[in-house]
Number of protein chains: 4
Amino acid sequence: MLSNRTVGRPRLEHRRLELLNAAANVFARKGFDAGSVRDIASAANVQPSSLYHFFGSKETLFEEVYMEGVRRIKTSVETAVVTQGRPWDKLEAAAAAHLTSLLEDDFFSVVVAETIPKGTSELNIRLIVHRNDYEKMFIAFIDRLPNLTNDNKKYLRFALFGALNATVNWYQPGKDSPEEIARRIVGLFRVQLDT
Amino acid sequence: MLSNRTVGRPRLEHRRLELLNAAANVFARKGFDAGSVRDIASAANVQPSSLYHFFGSKETLFEEVYMEGVRRIKTSVETAVVTQGRPWDKLEAAAAAHLTSLLEDDFFSVVVAETIPKGTSELNIRLIVHRNDYEKMFIAFIDRLPNLTNDNKKYLRFALFGALNATVNWYQPGKDSPEEIARRIVGLFRVQLDT
Amino acid sequence: MLSNRTVGRPRLEHRRLELLNAAANVFARKGFDAGSVRDIASAANVQPSSLYHFFGSKETLFEEVYMEGVRRIKTSVETAVVTQGRPWDKLEAAAAAHLTSLLEDDFFSVVVAETIPKGTSELNIRLIVHRNDYEKMFIAFIDRLPNLTNDNKKYLRFALFGALNATVNWYQPGKDSPEEIARRIVGLFRVQLDT
Amino acid sequence: MLSNRTVGRPRLEHRRLELLNAAANVFARKGFDAGSVRDIASAANVQPSSLYHFFGSKETLFEEVYMEGVRRIKTSVETAVVTQGRPWDKLEAAAAAHLTSLLEDDFFSVVVAETIPKGTSELNIRLIVHRNDYEKMFIAFIDRLPNLTNDNKKYLRFALFGALNATVNWYQPGKDSPEEIARRIVGLFRVQLDT
DNA sequence: CATGAATGAGGATTCATTCAT
DNA sequence: GATGAATGAATCCTCATTCAT
């Protein structure tokens, strides 16, 4: 027989996730500054004060959304990559997974893509750590590409990330799919070097 | 020989420009939402109410900063490009000018680079118009590149803009110069086709 | 016997009513424009921001005061009128009740009497609706007066309302009572026709 | 030959009158509190600071408008009255003139009719003095009515003023004319006593 | 005479957050 | 666990007014 307190847990986690979802939604649409605690609470059909049972502050709430976003992209990229053997194929698959997360309604990932933490506030520094955690994966993929100088690898990484994350600004749902976009963008870099 | 009709003006415009500079500075560092009118006023050693002598609202102030940013990048790109003859060289020179504006202390340009207007607020729609005005220039350069399908041109444009604008997130003043960065990034796309 | 379903409520409504009272007081003394949210808050020993817990805006707060004012006059007129049988007596009793509300410390009624909504702002249009709701009662009393043409009824109504509401400008507490004033004013119109 | 300084005067007075007109217009439409100095200045195509060449403050500007309003109604009532011989006819003519000023686009008179000064602010006390100056005229007309007790006279005055000034709230330009309205309203009081 | 520039006080409202219930 | 109430600081902006030019 299970004890009561483990029976109660899933309920709790469920509530937490609801709030997190609402927060992701709001932050993805409005950003950290313009997305208010009130917005989030009302999106979750809850009073603002209730949020503080689960999250210490707006900042930590944002951080949790951000971390969850990183986790999700990471997972989807990891999954996508295993089926590929050749380095450039791996990179392309990773890019496709990255874009799919970003462009198809996963608000958590959108928050990660749109929030480029700068400055030296404590929050931002923590966000950078989370983000790096993810970007390391890409660095690894790029590292294994053949025939590239270290410098080229560095610039390829920056350019690829910039190009991929910018898609949120021009992507149009009906048209080219995230996979297609990934193929085309990676293709721009790939042709010349993958010989 | 100077014309008479602008005598006296510079003084008047001077104050306006000071305030505009302060605003550019604040908006570049904090963004539209987090950059408050108070911040800007105190950066200009002025009372917040004084700003409203020159600008009708925070939004129009931001818009003016944005427009000035667009104007500056545009001018610097136009200037940089004339000395180049071959299409890829033109593009590289344009990218270099773009990055120089962005990365070297020109807050106006930074505002343009970091503000990617989305959504349908009236302000954002106006910003998009200003921005398109500038991007058209780049489209023209890319259009003249040889041996590229229309699709490739489209993706090249999106990827290049994404890669260039993302530099603000990782650029470090002491290291590679904007020109060098531009050369490397354009180089990633260039090699294969520019033969 | 009290029902259970409102147990606990009075406490909650109590606070709201306090604020409404403070607002009525301020609006009655200074009017809508000159009566500030700060005035009201400090009259209620509360922070201005606390008002927004109960009322969405200064306008809706005012509207609630106005509606409550209408409700109170209406109730007092309805009560006063039932004891009277003859049409002119009914009208006089109504006028007396109207003036009593207006002149004796009921800030809510004073707000109604002093705010003559004009113009086409959304607030004013709503106020007119509330006011008409009340004036309809008087129209009914006047309608039942004998020996009056429709035109005379119309002018009697306008003149009587004008005369009654203007009393707030000259009424002096120690002197003629509201009832006496009502009797005299109605008497001016009454003599000739009530035969 | 006229000296220069008397030649210049009319110009100045003309300007002053323009500003006064603009102020009357704004105050009539919005009232003292909601009508801002900016509103007035822009209605007069002038900078706010320019107003202070002619008027010491918003309050004194309002007071001048008010005084001018009183002067105008007074004049028009005086003129209207001379052609009448019988007391009730005089009163009716006065009421007609009063209403004509009020209802037909004379913003100055409207300000007087709509501003019922209360309270003990210095401005309001001065306004009351101006207003009394005018009301004395009406008191005189009423005083000469035959067969009325003093009390009746007092109430007649208050009621008549109330009824007349309230017309601004329901008057509709196309319908009954001010003269007609005056005739009807005075008629309500007149019939019974003018025998 | 007119005004552009500036101001400090105050306008209504929203903010993230706390806490007793 | 949830919330209604409250808060103080901050939000953008408007106010009437002053004064050097």
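Letters A, B, ... are given to chains in the order of the sequence lines, protein chains preceding strands, and every chain is numbered from 1.
The distance between atom OH of B:Tyr52 and atom P of E:dA9, rounded to the nearest whole Å, is 18 Å. When the C1' atom of E:dT7 is taken as reference, atom CZ of B:Phe54 falls 13 Å away, rounded to whole Å. Straight-line distance from the CG atom of B:Leu51 to the C1' atom of E:dG8: 14 Å, rounded to whole Å. Here the C1' atom of nucleotide E:dT13 and the CD1 atom of C:Ile40 are 14 Å apart, to the nearest Å. Taking atom NZ on C:Lys30 and atom C1' on E:dG11, their separation rounds to 13 Å, with Å as the unit. Per the geometry, CG belonging to A:Asp33 stands 15 Å off P belonging to F:dA10, to the nearest Å. Rounding to whole angstrom units, CZ of residue D:Phe55 and C1' of E:dA2 are separated by 15 Å. The NE2-P distance, from C:His53 to E:dC15, rounds to 15 Å in whole Å.
Salt bridge status for D:Arg29 with D:Glu114: absent, with no side-chain N to carboxylate O gap under 4.0 Å.
A cation-pi arrangement is absent between D:Lys58 and D:Tyr52, since the terminal nitrogen or guanidinium carbon is not both under 6.0 Å from the aromatic centre and inside a 45° cone about the axis. Remark: A:Arg72 qualifies as a cation-pi partner of A:Phe108 under the 6.0 Å distance and 45° angle criteria applied to the six-membered ring.
Along DNA chain E, the nucleotide nearest A:Phe32 and the nucleotide nearest C:Lys58 are compared for position; the residue whose nucleotide lies closer to the 5' end is C:Lys58. If you find the closest nucleotide of DNA chain E to B:Asn45 and to D:Leu19, the one lying nearer the 5' end belongs to D:Leu19. Between A:Gln47 and D:Ser57, the residue anchored nearer the 5' end of DNA chain F, judged by the nucleotide with its closest heavy atom, is A:Gln47. Positionally, the nearest nucleotide of DNA chain F for C:Ser50 lies more toward the 5' end than for the other of B:Asp39 and C:Ser50.
Applying the 4.0 Å criterion to OP1 and OP2 of F:dG1, one finds that A:Arg16 has every side-chain N and O outside that range. In this structure, D:Ser49 does not reach the E:dA2 phosphate: none of its side-chain N or O atoms is under 4.0 Å from OP1 or OP2. Put simply, D:Arg38 has no side-chain N or O that comes within less than 4.0 Å of OP1 or OP2 on F:dT14.
Residue C:Val37 has its side chain nearest to E:dT13 when only F:dA5, F:dA16, E:dT13 are considered. Set against F:dT7, E:dA9, E:dT13, the side chain of C:Val46 has F:dT7 as its closest nucleotide.
For the pair A:Arg131 (side chain) and A:Val112 (backbone), a donor-acceptor distance under 3.5 Å is present.
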How does DNA chain F look in dot-bracket notation if pairs are Watson-Crick or G-U with both distances under 3.5 Å, crossing ones as [ ], other-strand ones as |? .||||||||||||||||||||
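In this structure D:Ser57 satisfies the side-chain hydrogen bond (donor to acceptor under 3.5 Å, both in side chains) test with no other residue, sequence neighbours excluded.
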Apply side chain to side chain contact (heavy atoms under 4.5 Å, CB included) to the pair A:Leu123 and A:Arg126, showing each step before the final yes or no. CA-CA 5 Å; A:Leu123 172 62; A:Arg126 274 176 282 142; 4.2 Å; yes
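Taking the centre of each ring, C:Phe62 and C:Phe27 come in below the 6.0 Å mark.
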